[in-house]
Amino acid sequence: MSDAEANAPLILTLALDDPAQGRFDRLRRAHFPPARNFLPAHLTLFHHLPARRGGEVVADLAETSRGQGPLALAVTGPILLGRGVAYALDAPELVALRGRLAERWWPWLGAQDRQRFRPHVTVQNKVAPERARALYERLREEFAPFAVTGAGLLLWCYLGGPWGEVGAYPFRG
């Protein structure tokens, strides 16, 4: 790991089952501005965990994933973000899991990660509001609810645009 990676803020996402990941990745490739699309589709649990706490974060994730079974998530529809579109998910077990981690890490969390958690996967961002609204309307008309599975946790480091993978923690419970 480079010095930049060792000191980069950490990001925690949920690993989705392969069919869901593929579906969201296709939507993201189709609708996210290509010059800004550095990442696969993702469901962010924490946006900025301090690198200096990386050892504790990794230990907590290893412990959490050992006792956690796969999570059932319901995709409930597209949501308009103003300058983008995401899919909202109904995920009570995920909200509870994230709540337990937030409680443990509360002293380190910034304002964004202390806000109410609303699970979603962004498929478009940083576009003109009219373009976002048009995509939202189209996706809303075509939408049928579907189920996905949360398969584990993925830890990343922020590298000024792209992310570097730090570790994967599959649910084993």
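What's counted below: heavy atoms across the whole structure, side chains too, no hydrogens, waters or symmetry copies. Because the structure is a prediction, the values reported are computed rather than measured.
Of the residues listed (Q21, R23, R29), the one engaging D25 in a side chain to side chain donor-acceptor pair (under 3.5 Å) is Q21, and it is the only one.
At distances below 3.5 Å, not a single donor-acceptor pair connects side-chain atoms of R66 with backbone N or O atoms of G173. Without hydrogens or angle criteria, D90 side chain to A74 main chain gives no donor-acceptor distance under 3.5 Å. In terms of modelled atom types and a separation under 3.5 Å, the side chain of R133 and the main chain of P129 share no donor-acceptor contact.
Scanning both residues, D113 and L45, for their nearest heavy atoms gives OD1-O, 4.3 Å. Shown here for A132 and V85, the closest heavy-atom pair between the two residues is O-CG2, 3.4 Å. Scanning all heavy atoms of the two residues, the minimum distance from L73 to A91 falls at CD2-CB, 3.0 Å. Closest non-hydrogen pair, L159 versus A8, comes out as CD2-CB, 4.4 Å. In terms of heavy atoms, N37 sits closest to L39 at OD1-O, 3.2 Å. Contact between I79 and A88 at its shortest, heavy atoms only, is CG2-CB, 3.9 Å.
Counting non-hydrogen atoms of other residues, nucleotides and ligands closer than 6.0 Å to CD of E103 gives a total of 12 or fewer. Counting non-hydrogen atoms of other residues, nucleotides and ligands closer than 6.0 Å to CZ of R172 gives a total of 12 or fewer. Within a 6.0 Å sphere centred on CZ of R36, other residues, nucleotides and ligands contribute 12 heavy atoms or fewer.
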Task: Derivation of the side chain to side chain contact (heavy atoms under 4.5 Å, CB included) call for V75 and F24 - done: CA-CA 11 Å; V75 181; F24 288 128; 4.1 Å; yes

Open item on the list: Go through it in stages, so that I can follow the logic: the residues are T44 and I11, the test is side chain to side chain contact (heavy atoms under 4.5 Å, CB included), and I'd like the CA-CA distance, side-chain angles, deciding distance and then a yes or no.
Closed with: CA-CA 7 Å; T44 303; I11 301 161; 4.1 Å; yes

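Put simply, F171 and L89 are part of the same group of oily side chains (I, L, V, M, F, W, Y) that touch within less than 4.5 Å, one to the next. L101 and W108 fall within a single hydrophobic cluster, where Ile, Leu, Val, Met, Phe, Trp and Tyr are joined by side-chain heavy atoms under 4.5 Å apart, directly or via other members.
Relative to the six-membered ring of F143, R140 misses at least one condition, a distance below 6.0 Å or an angle of at most 45° to the axis.
Among pairs with a residue in residues 33-60, those fulfilling ring-ring contact (aromatic ring centres under 6.0 Å, His included) read H42-W163, F46-W105, at least two apart in sequence or across chains.
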